Protein chains: 2
Amino acid sequence: MARTQGSHSQITGPRIRAVALKLFAEHGYAAVSMRQIARDVGVQAGALYNYTPDKQDLLFSLMKQHMDELLEACASRVTSGDAMTRLHNFVDFHINFHMGRADEIFIAYMELRNLSPENFATIEALRRAYEDHLEAILISGQTELVFDVPDPKVTTRALIAMLTGITTWYRPSGALSPAEVADLYWNMTRKAVAA
Amino acid sequence: MARTQGSHSQITGPRIRAVALKLFAEHGYAAVSMRQIARDVGVQAGALYNYTPDKQDLLFSLMKQHMDELLEACASRVTSGDAMTRLHNFVDFHINFHMGRADEIFIAYMELRNLSPENFATIEALRRAYEDHLEAILISGQTELVFDVPDPKVTTRALIAMLTGITTWYRPSGALSPAEVADLYWNMTRKAVAA
DNA sequence: GTCTATATCGTGATAGAC
DNA sequence: GTCTATCACGATATAGAC
């Protein structure tokens with residue numbers, strides 16, 4: 001009953017990650033079995049363990065990679081300019097980065113509780129680092145007197161929740177283009193923090 | 001090895017629901033076993049099936065009850081007054097209702113994908129009905145020229161995502177009182193939709 | 001590197017005694 | 001209404017052939 005015997009390490013590894021990402025996002029980490037991942041990849045379950053020590057590490061690795069990419073891409077976008085410009089850049093970046101990554105976002109926000117304590121601490125620290133980018137912008141704007149933000153930490157969480165919520169309803173096939181969505185959310189953000 | 005033999009139907013039913021709610025919120029529906037629920041309730045696994053036909057129905061029943069309570073409590077709060085008053089009432093209601101129900105909210109938003117198709121349709125309809133309350137307020141405000149809301153549907157989703165996000169970080173033991181949180185979020189909301 | 005086979009355990013749900 | 005016992009199955013992970 002062999003199916004695809006032979007050596008395919010260079011494509012199997014990424015395929016496992018892609019399949020796991022999709023299945024975790026669709027059904028949830030706990031609801032997805034290693035057998036199911038293997039079936040969709042086209043290998044036997046045992047073969048998965050050549051690429052990941054266990055299921056937990058597969059989840060962690062996906063989340064870690066996402067957060068690393070997020071932070072690296074963010075840093076280059078929001079460090080120069082006045083507060084208003086940086087905020088606009090942040091909103092624009094956040095929306096565009098997240099729009100093409102609905103699965104990653106979903107997992108990053110929903111599967112935190114399925115991480116081991118150590119893995120959770122790692123991911124949580126990265127999430128904090130990302131929020132700190134926005135918080136720093138808000139504080140700058142407060143100093144420049146262009147924003148009125150009584151509690152930068154709370155406002156940061158509020159804005160990120162609002163922006164990230166896009167992924168729960170946005171579909172590329174929908175009525176609004178990414179640019180239109182970005183414009184709508186930018187206007188709400190801008191007004192919400194305005195002095 | 002009997003533990004708590006005897007008849008306790010009047011307290012066991014609610015206890016099962018309370019325990020299941022807590023465990024589902026903490027670990028996720030798929031990650032929680034019927035045995036685990038039974039253990040925390042203090043009965044054997046088989047006894048659970050005197051109260052629920054199956055695990056799926058237990059989840060659905062919890063979500064349905066939450067949505068019913070949400071809609072009933074909401075309707076009485078946001079139907080009279082001008083748009084600004086109704087929006088303030090909605091924000092205030094949403095925050096206060098959700099603050100004491102972190103577990104219910106978490107489940108209502110995170111476990112949708114673990115519902116059977118029929119159950120999902122039911123809950124989704126109730127969620128829409130709730131969003132429609134806010135959308136109606138925004139449209140009223142647009143008519144009254146007190147709001148500037150180019151896309152009421154999108155703004156509705158954005159505001160609800162922002163407001164519901166409170167449950168991911170708010171703790172009663174934290175620095176801010178519920179009233180202070182409500183005030184911060186009301187100001188952001190008010191400004192975000194202002195004409 | 002992938003396969004087959006398997007060890008070990010936990011799962012949802014049911015049957016029948018009390 | 002709760003218990004004990006059990007069914008039928010699927011889970012993660014490993015061992016060893018190829």
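Note that the structure is a prediction, hence the values are computed from the model and not measured. Below, chain A is the first sequence line, B the second, and so on; all start at residue 1.
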For [N], does OP1 or OP2 lie under 4.0 Å from any side-chain N or O of [X]?
{"X": "B:T12", "N": "D:dG1", "result": "no"}
{"X": "B:Y51", "N": "D:dT2", "result": "yes"}
{"X": "A:Q44", "N": "C:dT2", "result": "no"}
{"X": "A:S33", "N": "D:dG10", "result": "no"}

- Item | Verdict with supporting geometry, A:L163 and A:T189, side chain to side chain contact (heavy atoms under 4.5 Å, CB included) | CA-CA 9 Å; A:L163 296 173; A:T189 302; 4.1 Å; yes
Roughly how many Å is it from [atom1] in [X] to [atom2] in [N], rounded to a whole number?
{"X": "B:I16", "N": "D:dG1", "atom1": "CD1", "atom2": "C1'", "result": "10 Å"}
{"X": "B:R39", "N": "C:dG10", "atom1": "CZ", "atom2": "P", "result": "10 Å"}
{"X": "A:L48", "N": "D:dT14", "atom1": "CG", "atom2": "P", "result": "13 Å"}
{"X": "A:L58", "N": "D:dT12", "atom1": "CG", "atom2": "C1'", "result": "13 Å"}

Identify all side-chain donor-acceptor contacts of residues 16-27 of chain B below 3.5 Å with residues at least two apart in sequence or on another chain.
from, atom 1, to, atom 2, distance (Å)
B:R17, NH1, B:S61, OG, 2.4
B:R17, NH2, B:S61, OG, 3.3
B:R17, NH2, B:Q65, OE1, 2.4

- Item | Parallel, tilted or perpendicular, as decided by the 30° and 60° cut-offs, for the rings of B:Y185 and B:W169 | parallel
- Query: Angle class for the B:H94/B:H98 ring planes (parallel below 30°, perpendicular above 60°, tilted otherwise)?
  - Reply: parallel
- How far apart are the C-alpha atoms of B:R190 and B:L87, what are their side-chain angles, what is the distance that settles it, and do they pass the side chain to side chain contact (heavy atoms under 4.5 Å, CB included) test? CA-CA 8 Å; B:R190 177 178 57 74; B:L87 182 62; 5.8 Å; no
Output a table of donor-acceptor pairs, distance under 3.5 Å, between side-chain atoms of residues 135-144 of chain B and any protein atom two or more places apart or on a different chain; print 'none' if there are none.
from, atom 1, to, atom 2, distance (Å)
B:E135, OE1, B:K153, NZ, 3.4
B:E135, OE2, B:K153, NZ, 3.3
B:S140, OG, B:R86, NH1, 3.2
B:S140, OG, B:A136, O, 3.0
B:Q142, OE1, B:V149, N, 2.9
B:Q142, NE2, B:V149, O, 3.3
B:T143, OG1, B:I139, O, 3.0
B:E144, OE1, B:A83, N, 3.4
B:E144, OE2, B:A83, N, 3.3

- Strictly below 4.0 Å, heavy-atom distances to any atom of DNA chain C: list the hits from residues 18-25 of chain B, or just say none. none
- Note on the structure: Double-helix bend of the helix from C:dG1-D:dC18 to C:dC18-D:dG1, axes at both ends from 5 pairs, round to 10°, gives 0°
- Task: Answer yes or no: is there a donor N or O on one side and an acceptor on the other, between the side chain of A:N96 and the main chain of A:D92, under 3.5 Å?
- Result: yes
- Would you say B:T52's side chain and B:Y49's backbone share a donor-acceptor pair under 3.5 angstrom? no
- Contacts satisfying side-chain hydrogen bond (donor to acceptor under 3.5 Å, both in side chains) that involve residues 70-82 of chain A (not counting sequence neighbours) are A:D82-A:T85
- How would you label the contact of B:V41 with the nucleic acid (heavy atoms, under 4.0 Å): base, sugar-phosphate, or nothing? nothing
- Scan side-chain atoms only and decide if B:N119 and B:S116 contain a donor-acceptor pair under the 3.5 Å cut-off. yes
Name the pairs: protein N/O against N/O of nucleotides 13-17 of chain C, kept only if under 3.5 Å.
from, atom 1, to, atom 2, distance (Å)
C:dA13, OP2, B:Y49, OH, 2.9
C:dA13, OP2, B:K55, N, 3.1

- Carefully, step by step, assess A:F90 and A:Y130 under the rule ring pair (Phe, Tyr, Trp, His ring centres under 6.0 Å). CA-CA 11 Å; A:F90 182 92; A:Y130 182 64; 5.3 Å; yes
